[in-house]
There are 2 protein chains.
Amino acid sequence: MSTLSEVAARAGVTSATVSNVLRNRGRVGDETRQRVLDAVAALGYRPHLAARALAEGRAPTIALMVSSIANPFYPEFALAVERAARISGRFVIICNTNQDPLAGRAYLEQIAGTLSEGVLVMNANLDFDDLHQTEARGTPVVLCMWERPLDPPGLPCVAVDFRRAGELAARHLLELGHRQIVAIVGSKRAGIHAARYEGFVDALRAAGVKLPRTCVRHAPDTIEGGYAAARELLELHPATTAIFASNDLPALGSIHAAFDLRRDVPADLSVIGITDIQLARQSRPPLTTVQVPTVEAAEMAVSLLRELIERPPHTHQAARRGGRAAHEPPRVRVASEPTLIVRGSTSAPRRVRG
Amino acid sequence: MSTLSEVAARAGVTSATVSNVLRNRGRVGDETRQRVLDAVAALGYRPHLAARALAEGRAPTIALMVSSIANPFYPEFALAVERAARISGRFVIICNTNQDPLAGRAYLEQIAGTLSEGVLVMNANLDFDDLHQTEARGTPVVLCMWERPLDPPGLPCVAVDFRRAGELAARHLLELGHRQIVAIVGSKRAGIHAARYEGFVDALRAAGVKLPRTCVRHAPDTIEGGYAAARELLELHPATTAIFASNDLPALGSIHAAFDLRRDVPADLSVIGITDIQLARQSRPPLTTVQVPTVEAAEMAVSLLRELIERPPHTHQAARRGGRAAHEPPRVRVASEPTLIVRGSTSAPRRVRG
DNA sequence: TTGAAAGCGCTAACAA
DNA sequence: TTGTTAGCGCTTTCAA
């Protein structure tokens, strides 16, 4: 690996000049520039990113914290993040917290500000204090899928109106004529999916439909979790005509449960989820769901992070003091609204049809 | 962010001493060590990884090149890589080549040797010349899932006997009594899955079962690809009793095709895949498949890469000249054999049963 | 338009 | 046991 000064020597200039032509800084004579470019080509020179990071006081990488890249939603999101980052000249370090706040903290402590210039947080179950602390230390943090646009957290975030998503799901079921409805909601402890559930319940209530306690199950965000919950629910309430799941994976699990219970979907039972992961399209029957703007949110998150990284340093101080400096980017960005995607897993309940 | 010398100043020593206590190098007096540790704690000091990388001439990150993190196999693999890397103190930069060799090259040129100390290649459709070049430049490269243990490439790799996987799949179908078999094989152009197919065909042939050209389709490694191929095949050969797919995703697609064609799986049609991705367990019916040691391969790949990174520099030269230096790690590692996992998508064909 | 020089934060000989 | 001294490869004033 050749270095700047080797290139400089070959071109008969100093490294400062080489640096200037490579970054289009300063004025460099055409003839000199050409000599430098030739030397760069001849030596196959490539800038040493770690060295540059040190000199600039800014690394070209961002950290993406996820709880487990194996959940099929995260790769889709990560893909979008990677694209957007790449376009802005940055690399993505993938940090699996594995739902463990301690693992998350370890990651933050090690790389925030030293190896990566910013961190994106995607449902990684991190300690908010840790996050605030890394922000206070000068490394921007962006939450990627905040579920309540109207109730922003104390950190910059991209918000998606998941309440609305729950509402849309409810309306769809109601319009089809369902009244015997049960719900499977993401793990209670994390309080995750609360907004989705609220939206769902409120829309039902507005239509005069009640959702008794016994019609609701909390389940892990997996196919198996949804499967188990759906079985319980269906056995407890055989008259059920529709299942709402606050996420696609449990919705898919519900379809499997119906299959095992010899209930035809959608003829005997409608199932609806939220998110629209790729699998939703590929299940049998394909899943009706409420699509969430994943790619858009990823792009917004990267661009917000970018702005936070690139803003002049004094504004950091202001942010830390609570106020917002003159040109500081707004700390909450709202992605477009979720939209209903009707596929094959929902239809009118039997007794109402034909 | 405080620096080493700030810590040093506070502890009344020089930065060299602080460095020594932090890395357990050199002998440091107990009393001094304690003072340093106190100062570190008081200042909340954390080492600057980019600076360290520069000084050591070695970055703590490795690059993971994948064609698209969205294919459900890759996240599972990436997860295992990340774990293994984390344990050896390294971070993973995720590089999506999106099947584009140019994108791959761009990644390699930018980060190999400057931001990451090694690269792991997972079916990223990279140009072999590019890979050899980055190796020649001194950055170790490891291929993660080489399909032919007996026919190693010119690069270090972890090999999995996919020929054997194909063979196991064939034997399973044969033992069940299937003779009307069709095959769906990964995209021809990339020559990928060739070993699996060979193993499959050879095992059939050894049993006196032929696989005519018209019984084989090449398809992209997706559910949709498998779906389309299976439909064609089943329409062309209605007497088919079993489908072999060289990967799980197309196998899942085949199950969907059977569903749409009103063919019961496994009663009317058996389906078998290769890999055993998580989804295989979660489909209806659950997919019979040949499990490939993903996690083991990931761990082997990371540890091979690690050894390559840590070997003394002179051996690089030797490797480049074709020979192998005295203590250079073997460049091919073979993971354990694939194993058949029988689930619900295969059974004896109708006419043979009972 | 170009060069000289300092320094980013850390490591690693080597001296003391 | 600790300090001194050079860098690692690059960027960035400031002078020339």
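Small disclaimer: the values here were computed from a predicted structure and weren't measured. Residue numbers begin at 1 in each chain, while the letters A, B, ... track the order of the sequences.
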Whole angstrom is fine here: how far is it from [atom1] in [X] over to [atom2] in [N]?
X: Asn20(A); N: dT2(C); atom1: CG; atom2: C1'; answer: 9 Å
X: Leu54(B); N: dC10(D); atom1: CG; atom2: C1'; answer: 8 Å
X: Arg46(B); N: dC10(C); atom1: CZ; atom2: P; answer: 11 Å
X: Leu49(B); N: dG9(C); atom1: CG; atom2: P; answer: 14 Å
X: Glu6(B); N: dG9(C); atom1: CD; atom2: C1'; answer: 10 Å
X: Leu22(B); N: dA12(C); atom1: CG; atom2: P; answer: 13 Å
X: Asn24(B); N: dA12(C); atom1: CG; atom2: C1'; answer: 16 Å
X: Leu115(B); N: dG9(D); atom1: CG; atom2: C1'; answer: 14 Å

In terms of side-chain geometry, is the basic nitrogen of [X] or [Y] positioned less than 4.0 Å from the acidic oxygen of its partner?
X: Glu31(A); Y: Arg35(A); value: yes
X: Arg90(B); Y: Glu310(B); value: yes
X: Glu135(A); Y: Arg331(A); value: yes

Is [X] near enough to [N] that one of its side-chain N or O atoms lies under 4.0 angstrom from OP1 or OP2?
X: Arg25(A); N: dT11(D); answer: no
X: Thr14(A); N: dT2(C); answer: no
X: Thr17(A); N: dG3(C); answer: yes
X: Arg52(B); N: dG9(C); answer: no
X: Arg23(B); N: dA12(C); answer: yes

Report which part of the nucleic acid Gly29(B) touches: base, sugar-phosphate, or nothing (heavy-atom distance under 4.0 Å, all strands).
->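 The residue Gly29(B) makes sugar-phosphate contact but no base contact.
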
With a non-hydrogen cut-off below 4.0 angstrom, is Ser19(A) in contact with a base, only sugar-phosphate, or nothing?
->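 Base contact.
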
Quick one: on DNA chain C, does Ser15(A) or Glu31(A) contact a more 5' nucleotide (nearest heavy atom)?
-> Glu31(A)

Side chain Asn96(A), main chain Ile69(A), donor-acceptor under 3.5 Å =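 Checked: pair present.
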
Is there a donor in the side chain of Gln133(B) and an acceptor in the side chain of Asp129(B), or the other way round, less than 3.5 Å apart?
-> no

Where the side chain of [X] is concerned, which of [options] is the nearest nucleotide?
X: Ala55(A); options: dT2(D), dC8(C), dC10(C); result: dC8(C)
X: Ala16(B); options: dT11(C), dA12(C), dG3(C); result: dA12(C)
X: Pro47(A); options: dT11(C), dT12(D), dC10(D); result: dC10(D)
X: Val28(A); options: dG9(D), dT11(D), dT2(C); result: dT2(C)
X: Glu56(A); options: dT11(D), dG3(D), dG3(C); result: dT11(D)

Taking the six-membered ring of Tyr107(B), is the NZ or CZ of Arg86(A) close enough (under 6.0 Å from the centre) and on axis enough (within 45°)?
-> yes

